[in-house]
Amino acid sequence: MLTNKPKGTNDFLPDEVGRWQALEDLLREVSRLYGYREIRTPIFEHTELFQRGVGETTDIVEKEMYTFTSKGEKSYSLRPEGTAPTVRAYVENKLYAQPQPTTKLYYIGPMFRHDRPQAGRYRQFHQYGIEALGSDDPALDAEVIAMAMDIYRRLGLKDLTVELNSVGCPNCRLQHRQKLQEFLAPKKEQLCKTCQGRYERNPMRILDCKDSNCQKLTEGAPTIDQMLCPECQSHFTAVQKHLHALEVPYNLNSKLVRGLDYYVKTAFEIVATGIGAQGSVGGGGRYDGLIEQIGGPAMPGIGFALGLERILLAMKEQGLDLVADNPVEVFIATMGEDAQLMGSKLSQQLRQEGFAVERDYGNRSFKAQLKAADRYQVRYTLIIGEDELKNNMVQVKDMATGKQEPVALAEVQVYLNRNIRGREINE
RNA sequence: GUGGCUGUGGCGAAGUGGUUAACGCACCGGAUUGUGGCUCCGGCACUCGGGGGUUCAAGUCCCCUCAGUCACCCCA
């Protein structure tokens, strides 16, 4: 069928796009305030980048990537997330050699995952994300979380909770993994099928299983927070201290496990209620080994990503809206062929002057033209008929009051500048 | 990958198997000659996602298929 788009994708029509642009404007502004600069990376990358970066055993890499080969070349994948590409670009362009101690980058754009779509989940979806590369200061962890909350606050969103955990470093994780497997070994057969698979490959994920039986079986299981090494423990404590100082409330959630392998230490997720089953509107964490993993120097990093569709969904749910300015400012209505020519000429002049001008193209009745002007919600309609043509003038009708007054053709620009822009110009 | 629900004009939505498929919104035109938003009048579905079947008769029943949607899973 030529007339339907691929499953899980969306057309954004002009009214909707206005909302997106307003959201993007806000994101760019907040980025600036926190010192982040935009980076734009390709929409597709070498598949290995995600395999190695995100992790072979993650759902994203295992079953959700759009992977293809082009003309017998290597395997490529549409990006399923933004961190690996950003880090790749950071390394490839040697941004770590720049003078600043921490490089702060943000991105905004489409991501692709082959899931079954549902409320708040799409195959092409859009993320805004930040990455702060080069510092392992816990103050930065806290600031990153605070920044995410700052964005939601500016949007007017309420009732969001920060779920916080530390997933430790590779060392404490290894310890935890062993203890966990010891704990679960006698119950292994009772776990659900996917968890039996997770037992060897990624046992931490079993703690996060939604299956009620698995949840019961994992009661009392060793959680990572009990087994953090001294360094991870003190880092985590410091992060919380900074969060208190920044007055960011959070819930400690020792079962929070992020589905991307690169996370270490701080992991967090921001959850909204009322937008369906996909409640997470953002999440992130620290990824101190990733830069090295991708082939760069051993440098720490932290970041988060927000789902734009979900933010808009949550805003809609809470009765919030972002609106763009009314695009059309002036409408030109004409009667007769000569007047129409004059109208064309005038509309071009006014556009040069910076006014958004619209007119009717069907050669329709004058009444229909005014009706159209009303629908555009313009401030003024310029009326040109035979009389006006003869006298080199137009009628300027104020659509709100219904009043109109004659203005000399040469004075129209001045009139509109004064009344729409509020500025005087002398010619 | 699995499951539930839905599918009637641009949108919303009625329609116990039986003549011309309600209604609302939107849209278009008109209500004396060059003036919108309100009101009134008129117009707007050879057809009920598609295909097949049952029946004298199907939008209404059955099967298949496609699409949408929600949920599992996972995540933004």
Side-chain angles (χ1 to χ4, degrees), chain A residues 1 3-10 13 54 57-64 79-83 107-129 148 192-195 197-198 202 205 208-212 214 256-260 263 267-272 275-284 303-314 331 333-336 339 360 362 364-378 380-389 394-404:
Chain A
M1 197 49 142
T3 54
N4 38 326
K5 56 189 166 48
K7 192 190 285 292
T9 62
N10 288 112
L13 305 180
V54 177
T57 66
T58 60
D59 281 9
I60 290 176
V61 169
E62 256 181 0
K63 50 191 195 199
E64 294 174 5
R79 61 181 187 193
E81 58 100 51
T83 299
Y107 57 82
I108 185 162
M111 305 291 164
F112 306 85
R113 294 184 200 171
H114 189 109
D115 276 10
R116 276 294 280 280
Q118 68 185 73
R121 189 170 77 185
Y122 309 98
R123 290 184 172 180
Q124 175 174 338
F125 61 103
H126 299 79
Q127 285 189 333
Y128 159 84
C192 73
K193 255 208 309 225
T194 43
C195 280
R198 286 167 173 161
N202 202 346
R205 293 271 293 281
D208 206 30
C209 185
K210 304 291 187 297
D211 184 281
S212 62
C214 290
L256 174 70
V257 182
R258 312 237 70 224
L260 292 79
Y263 286 117
F268 66 95
E269 192 163 324
I270 294 148
V271 184
I275 60 169
Q278 307 298 321
S280 173
V281 292
F304 70 69
L306 311 181
L308 302 194
E309 282 86 352
R310 290 190 190 170
I311 288 177
L312 262 8
L313 211 57
F331 191 91
T334 60
M335 279 162 287
D360 197 74
R364 297 192 301 168
S365 71
F366 183 64
K367 191 187 180 82
Q369 292 184 52
L370 268 192
K371 205 169 173 181
D374 189 59
R375 255 202 310 269
Y376 280 117
Q377 296 193 300
V378 294
Y380 295 106
T381 296
L382 308 185
I383 296 166
I384 308 174
E386 278 176 34
D387 295 346
E388 289 75 19
L389 207 54
V394 304
Q395 296 288 339
V396 179
K397 183 181 174 83
D398 183 322
M399 296 302 278
T401 64
K403 288 179 183 156
Q404 66 185 51

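Because only heavy atoms are used, hydrogens play no part in the values below, and waters and symmetry mates are left out as well, while side chains stay in. Quick caveat: nothing in here was measured; it's all calculated off a predicted structure.
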Please classify the nucleic acid contact of [X] as base, sugar-phosphate, or nothing, using heavy-atom distances under 4.0 Å.
X: A/Tyr128; result: nothing
X: A/Glu388; result: base
X: A/Met399; result: base
X: A/Leu260; result: sugar-phosphate
X: A/Ala339; result: nothing
X: A/Gly129; result: nothing

Would you say [X] reaches [N]'s phosphate, i.e. side-chain N/O to OP1/OP2 under 4.0 Å?
X: A/Arg364; N: B/C28; result: yes
X: A/Arg375; N: B/C28; result: yes
X: A/Lys367; N: B/G36; result: yes
X: A/Lys397; N: B/G36; result: no

Heavy atoms from C-beta onward define the side chain here; which of [options] lies closest to that of [X]?
X: A/Leu370; options: B/U35, B/G68, B/A76; result: B/U35
X: A/Phe125; options: B/A76, B/A67, B/C72; result: B/A76
X: A/Ala277; options: B/C75, B/C28, B/A71; result: B/A71
X: A/Ser365; options: B/C75, B/G30, B/C70; result: B/G30
X: A/Ser280; options: B/G34, B/C75, B/G36; result: B/C75
X: A/Ala119; options: B/C70, B/A76, B/U35; result: B/C70
X: A/Gln118; options: B/C28, B/C75, B/A71; result: B/A71
X: A/Gln278; options: B/A76, B/C75, B/C70; result: B/C75

Going by purine N1 to pyrimidine N3 plus the second Watson-Crick contact, or the G-U wobble pair, all under 3.5 Å, which nucleotide sits opposite [N]?
N: B/C48; result: none
N: B/C72; result: B/G1
N: B/U60; result: none
N: B/C28; result: B/G42
N: B/U20; result: none
N: B/U33; result: none

Does [X] make a side-chain donor-acceptor contact with the base of [N], cut-off 3.5 Å?
X: A/Arg121; N: B/C73; answer: yes
X: A/Gln395; N: B/U35; answer: no
X: A/Gln369; N: B/G34; answer: no
X: A/Arg116; N: B/C70; answer: no

Atom [atom1] of [X] to atom [atom2] of [N]: distance rounded to whole Å?
X: A/Ile311; N: B/A76; atom1: CD1; atom2: P; value: 13 Å
X: A/Asp115; N: B/C70; atom1: CG; atom2: P; value: 14 Å
X: A/Arg123; N: B/C75; atom1: CZ; atom2: P; value: 17 Å
X: A/Tyr122; N: B/G68; atom1: OH; atom2: C1'; value: 12 Å

Determine the interatomic distance between [atom1] on [N] and the same-named atom on [M]; round to the nearest Å.
N: B/G7; M: B/G49; atom1: P; answer: 8 Å
N: B/G37; M: B/C75; atom1: C1'; answer: 47 Å
N: B/U16; M: B/G52; atom1: P; answer: 25 Å
N: B/C62; M: B/C25; atom1: C1'; answer: 36 Å
N: B/C70; M: B/U60; atom1: C1'; answer: 26 Å

For A/Tyr263 and for A/Lys63, find the nucleotide of RNA chain B with the closest heavy atom, then tell me which residue's nucleotide is more 5'.
->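 Its nucleotide being nearer the 5' end, the pick is A/Lys63.
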5' priority, RNA chain B, between A/Gly8 and A/Met335 [closest heavy atom] = A/Met335
When you look at NZ of A/Lys403, are more than 12 heavy atoms from neighbouring residues, nucleotides or ligands closer to it than 6.0 Å?
->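 Incorrect, the count does not exceed 12.
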